[in-house]
Amino acid sequence: MNDHKRVARVFVDVPSQQTDRPFDYEVPTAMRDEVEVGSRVRVPFGPRKLLGYVVAFAPVSDAPRLKPILEVLDLVPPLTPELVSLARWVAQQYLCPVITALHAMVPAVLKGRYQRICRVHPDFAEEDLLPEHERELIRQLREKGEMSPEQALKLPRVSRFLLRRMAADKRIIIEERAGDRVTRKTVIWVGAAKTSEVLRREAKALPAQARRQKEVLQYVADHPDPIPLAQLLTETGAVHATVKRLAEKGLLTWEEREEYRDPFGGRSFERTEPLPLTPEQHQAYDAIAEPLKRREPRTVLLHGVTGSGKTEIYLQAITETLNKGRQAIVLVPEISLTPQMVRRFKGRFGDDVAVLHSGLSDGERYDEWRKIRSGEVRVAIGARSAVFAPFENIGLIIIDEEHESSYKQEEQPKYHARLVASKRIEAHGAVLVLGTATPSVESYYQARTGKLEWVTLNQRVHGRPFPQVDVVDMRNELRGGNRSIFSRPLKQALMECVDRGEQAVLFLNRRGYSTFVLCRDCGKTVECPHCDISLTYHRTNRTLRCHYCGHAEPVPQTCPSCGSSHIRYFGTGTQRVEEELARQLPGLRVIRMDVDTTNRKGAHERLLTAFGEGKADVLLGTQMIAKGLDFPKVTLVGVIAADTMLHLPDYRAAERTFQLLTQVSGRAGRHERPGRVVVQTYTPEHYSIQMAARYETEPFYIQECRLRKQHRYPPYCGLFTILLSHTDKGAVMQAGMRTVRGLQPYMPEGAEILGPVPAPIPRIKDRYRLQVMIKVPPHTDEWNGLTEKLRSLSFLLGDDELRVSIDREGI
DNA sequence: AGCACGCCGACT
DNA sequence: GTCGGCGTGCTC
């Protein structure tokens, strides 16, 4: 019956090139019903026992004798066959081992933990005959019960060799434990095991001093249905042991139930009803509902201006998906996965929603994931990794703010959720919705060339006008003698806004522009000794810190390079802006939101709530306030420095600036009162700033595409960026040259290889960084072995000192 | 990745 | 002579 399951192909948990292929194992008869494609198993691998995933079943071959699978680890396989094949695609696409891709799809608790331990062999007793250092080891092992080999090696004269020999001589045992880190939360439920009459009778029969037991019995007789033990204890005032005693007498049921941890602390969410759609919204809705009906894979770019009501369209499209008996995934950028956002989805779909975000503990995350896997919920909402939600019948995937860079994972596998999602909808015949006011240039290009459906929403709900955007040239301000952070127009607007009793949001884009320390005499900044980057000044503990390696040092009294004492704090951190505000506009109530003030759990929400309740006039913050905020009283948005990221060495700099300004402008005047935006910049003539200010979306994308085409960047090419790093400057240079030379013969027709050049940050944590870029024509089919070559490169750890990481972007 | 095996110099 | 270091090669 299960004959086809006699041999399982397994990827084992060793991320190396040599082991990046399936290994065959015999499936013992008893496991054949249990094991599936996607099962997590424990297998012998050489001398070790490892975790692995079954990816296929193989025809029976009698040639080599196969080792058996030792254990199937989960009742329900964590992965579906679709996800297993997706993992192989991800590995192929992003040049990583298949096991790494598989691990990316499951919650951390399933990644297993290996620990090796040494303990004394149970049959061994004659330690008196051993040399001193071995006797000491045995003594310590006896005392502690067990030790890790690492601990043992710290003892004098204990080497790996010695441990091996002692194991061979049956003096000690070295064991490997592969196991779950799963900590399911179990709750004990207690109910009546007998009828209420019996319980009452038993209660009477108890001796008088068993008062608590009588009370408990009485309570359970009145409420015979099982309730959590903790609840019973608070209701009756009894203690754990009392109830346990009664259970042991067979009067009460005692049952351990697995429980989901509730990250929302039992908060209930107010139910919301669908809102009527405007004609424009309706059209957008139809563009989604139509292909959904036909079960055709389809991508829809929902290009809607800020405030055009995209979320309501999402909600109704999800409802339609659920009505069709299918499931939906909603991806949102981590930063906007706020309680406000969650509330909207929970409000419509209640317990049908699982939420996956980084604030959850591993255990909580696992619980939410299990709800998805078991089919208990039909909607999954989360950040990037939720794209791997293990649903079996997906109808809809929504990516909100699709242009956000956080959809790209920075660690291996370095996937982009948008591309993974488009792969998944192919498998499910589902619809992918890309929602944004400012599409990524890639998505815009695809829409333009007809590769995806393009729906625009040009009207704001209730027809609110767009705020007027004033661009202020800070060079003029400087010439006019204003050397403060605030231009006169911004200061003026702020005062007026507050006088009217309205609120303002001040946005400070910190990237590449935080406070640093500069010597006025020699012009040098204080740099990190381990990284090629200036240190940033943190007022809270008066230190200079490196944001890349965490190095911290006290603020120098004199310039480290010239000894001058004319040291100046430069740049504009949020703290600095806050102080400046206090000085220039005393009495203003300011809420500051940045990493420092939102570190603590729930701080984010608390600050926003306070602002929403009008407890401050100004909300001052970084990136995190650019998205999704919707406060009726906000009528002014100020951008302190619009061009800070324009000068970063990144071909997306203009795109990012345009997106950010457009998003930020969307925060003003969303309700009755008209809004206004003041943008401060040193480069007011730049097209990204000009066009954002005039809401010239279309012209911006046309211009940007023209430049990308001209300079050959995505979407007009595919791009591999190889980053090499090494502690030795010469060595990394050599590796770079070698890499380019080695890759040259594999370049497909029309591809070019650039570099090696120093990476944008040439040194981090004492490692020198070099970059090689490969541009390939879009839609390349003739790879000429390039990807295989790159793959082996990505596995190469060389002399251990050399590290390689490869990014893939573009088409 | 680990962990054999195996070859080679340097200590009791 | 063994001890201990490090370079290959293999894991169903």
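Side-chain atoms are counted along with the backbone in the values below, which use heavy atoms only and exclude waters and symmetry mates. We name chains A, B, ... by the order of the sequence lines, and we start the count at 1 in each one.
Across the protein-nucleic acid pair, A:Leu66 atom CG and C:dC12 atom P stand 10 Å apart, rounded to whole Å. C:dC12 atom P lies 9 Å from atom CG of A:Leu50, rounded to whole Å. The CZ atom of A:Arg48 sits 8 Å away from the C1' atom of C:dT11 (whole-angstrom rounding). A:Phe57 has its CZ atom 15 Å from the C1' atom of C:dC12, to the nearest Å. The separation between A:Leu51 atom CG and B:dG2 atom P is 14 Å, rounded to whole Å. Separating the CD atom of A:Glu26 from the C1' atom of C:dT11 is a distance of 18 Å, rounded to the nearest angstrom. Here the C1' atom of nucleotide C:dC12 and the CG atom of A:Asp13 are 16 Å apart, to the nearest Å.
In this structure, the aromatic ring of A:Phe45 is positioned over the six-membered ring of the base of C:dT11, centres within 5.5 Å and planes within 30°.
Exactly one residue among A:Thr19, A:Leu102, A:Val84, A:Val54 makes a side chain to side chain contact (heavy atoms under 4.5 Å, CB included) with A:Phe11. That residue is A:Leu102.
As judged by a 4.0 angstrom heavy-atom cut-off over every strand, A:Pro44 is placed among residues touching the sugar-phosphate backbone only.
Electrostatic pairing of A:Arg545 and A:Glu553 does not count as a salt bridge here, judged by no charged N lying under 4.0 Å from a carboxylate O.
Residues A:Arg652 and A:Ser405 bring no donor and acceptor atom of their side chains to less than 3.5 Å of each other. At a cut-off of 3.5 Å, with distance as the only test, no side-chain donor of A:Tyr407 or A:Glu334 sits close to an acceptor on the other residue.
Ring to ring, A:Phe45 and A:Tyr25 are not that close: their centroids are 6.0 angstrom or more apart.
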Short N/O separations, protein against nucleotides 7-10 of chain C, under 3.5 angstrom:
residue : atom : partner : partner atom : Å
C:dC10  : N4   : A:Gln18 : OE1          : 3.2

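Distances from the side chain of A:Arg21 to the nucleotides C:dC12, B:dC3, B:dA1 place C:dC12 closest.
Across all their heavy atoms, A:Leu719 and A:Tyr713 have their closest contact at CD2-CD2, 4.4 Å.
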